[in-house]
Amino acid sequence: MPTIPVAQDASLSADASLVGLADGADGFRLLNGADMSDAAGWSAPPAGASATAVAFSPDGSLVARGMAASGDDADLLVQDADPTHGDTPRSFVFQDDSDGGDRIASRGLAWSSDASKLFAVTGDSAGDAYWLHIISNPGSRYHAAFQGPLTLRPGTPYAGQPVELSGTRSRWTGRRPGLPRA
């Protein structure tokens, strides 16, 4: 007997070529916009996590996927909207009920019009309190490969502290800082 989906959210890519679904306990589904057939590409949420929200950025370059996950598992994944690019999702974890919720709320993701900010609404496990998180530049990440040892300053940084990572860069594996997205 087929499982009846528990639809939490749906989003259409900017060019309408992709449809993203947050399907509760069954995870995320990516569909081709033309015929609604399955399109491969999104990883499954962590075991025990429920898909709660999905949102494509207005420029069509990124997609955010929200979950209700436990512990140190990611509650929010942001990645390239085109699954063929093989982008590793950038992950965010929300853990504390008393300081901003521990899960992305159903339909709790939205982008600013220029895709520079991602608005994420989190809730507590009881579903009776909600918090708004504003994530600036949610998709910025620059991939680079280094040769030899890396130096981290300070040696044991704390959350929110600026850090310096230095070493000998051998190549960029993603777009370079300051260059527009192709």
Side-chain angles (χ1 to χ4, degrees), residues 1-97 100-113 115-127 130-141 143 174-175 181:
M1 183 169 190
T3 307
I4 298 172
V6 180
Q8 296 290 319
D9 199 4
S11 183
L12 187 64
S13 65
D15 63 359
S17 65
L18 297 171
V19 177
L21 300 175
D23 193 13
D26 288 335
F28 295 97
R29 293 189 60 197
L30 183 62
L31 305 173
N32 291 308
D35 60 5
M36 294 302 180
S37 62
D38 281 319
W42 284 353
S43 58
S50 296
T52 59
V54 62
F56 285 97
S57 64
D59 65 359
S61 64
L62 298 169
V63 65
R65 298 184 291 148
M67 294 167 268
S70 60
D72 292 335
D73 289 331
D75 296 297
L76 174 61
L77 301 174
V78 179
Q79 67 190 87
D80 196 302
D82 184 347
T84 62
H85 289 171
D87 185 30
T88 301
R90 184 172 176 195
S91 60
F92 298 84
V93 178
F94 302 98
Q95 294 183 330
D96 188 0
D97 275 354
D102 65 352
R103 61 197 63 219
I104 300 293
S106 180
R107 297 177 308 280
L109 295 173
W111 291 89
S112 63
S113 61
S116 67
K117 292 181 178 55
L118 176 62
F119 302 97
V121 176
T122 59
D124 62 2
S125 56
Y130 296 92
W131 294 264
L132 174 64
H133 302 269
I134 302 172
I135 303 166
S136 296
N137 299 313
S140 57
R141 175 180 54 215
H143 304 279
R175 63 186 172 104
R181 195 167 194 69

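Count residues from 1 along the sequence. Scope of the values below: all heavy atoms of this structure, side chains included, with no hydrogens, waters or symmetry mates. All values derive from a computational prediction rather than experimental measurement.
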Rounded at 0.5 Å granularity, tell me how far CG in Asp80 sits from OG in Ser61.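 Those atoms lie 7.0 Å apart.
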Value for CG (Leu30) from CG (Asp38), rounded to nearest 0.5 Å, stands at 8.5 Å
Please tell me if the side chains of [X] and [Y] come closer than 4.5 Å, counting only heavy atoms from C-beta onward.
X      : Y      : result
Leu21  : Val54  : no
Ile135 : Phe119 : no
Arg65  : Leu76  : no
Leu77  : Arg90  : no

Those residues at least two apart in sequence (or on a different chain) that pass salt bridge (charged side-chain N to carboxylate O under 4.0 Å, His left out) with Asp35 are none
Open item on the list: Checking Ser106 against Gln8: is there a side-chain donor and acceptor pair closer than 3.5 Å?
Closed with: yes
Could you tell me which residues satisfy side chain to side chain donor-acceptor pair (under 3.5 Å) with Ser11, sequence neighbours excluded, listed by chain and number?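 Result, side chain to side chain donor-acceptor pair (under 3.5 Å) vs Ser11: none returned.
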Is there a donor-acceptor contact under 3.5 Å from the side chain of Ser136 to the main chain of Lys117?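 No, the answer is negative, given that no donor and acceptor are paired below the 3.5 Å cut-off.
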Can a donor-acceptor pair be found, under 3.5 Å and without considering hydrogens, that links the side chain of Ser57 to the backbone of Leu62?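 A pair under 3.5 Å: yes.
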Step-by-step side-chain contact (heavy atoms from CB on, under 4.5 Å) determination, Phe28 to Met67:
CA-CA 10 Å; Phe28 295 97; Met67 294 167 268; 3.7 Å; yes
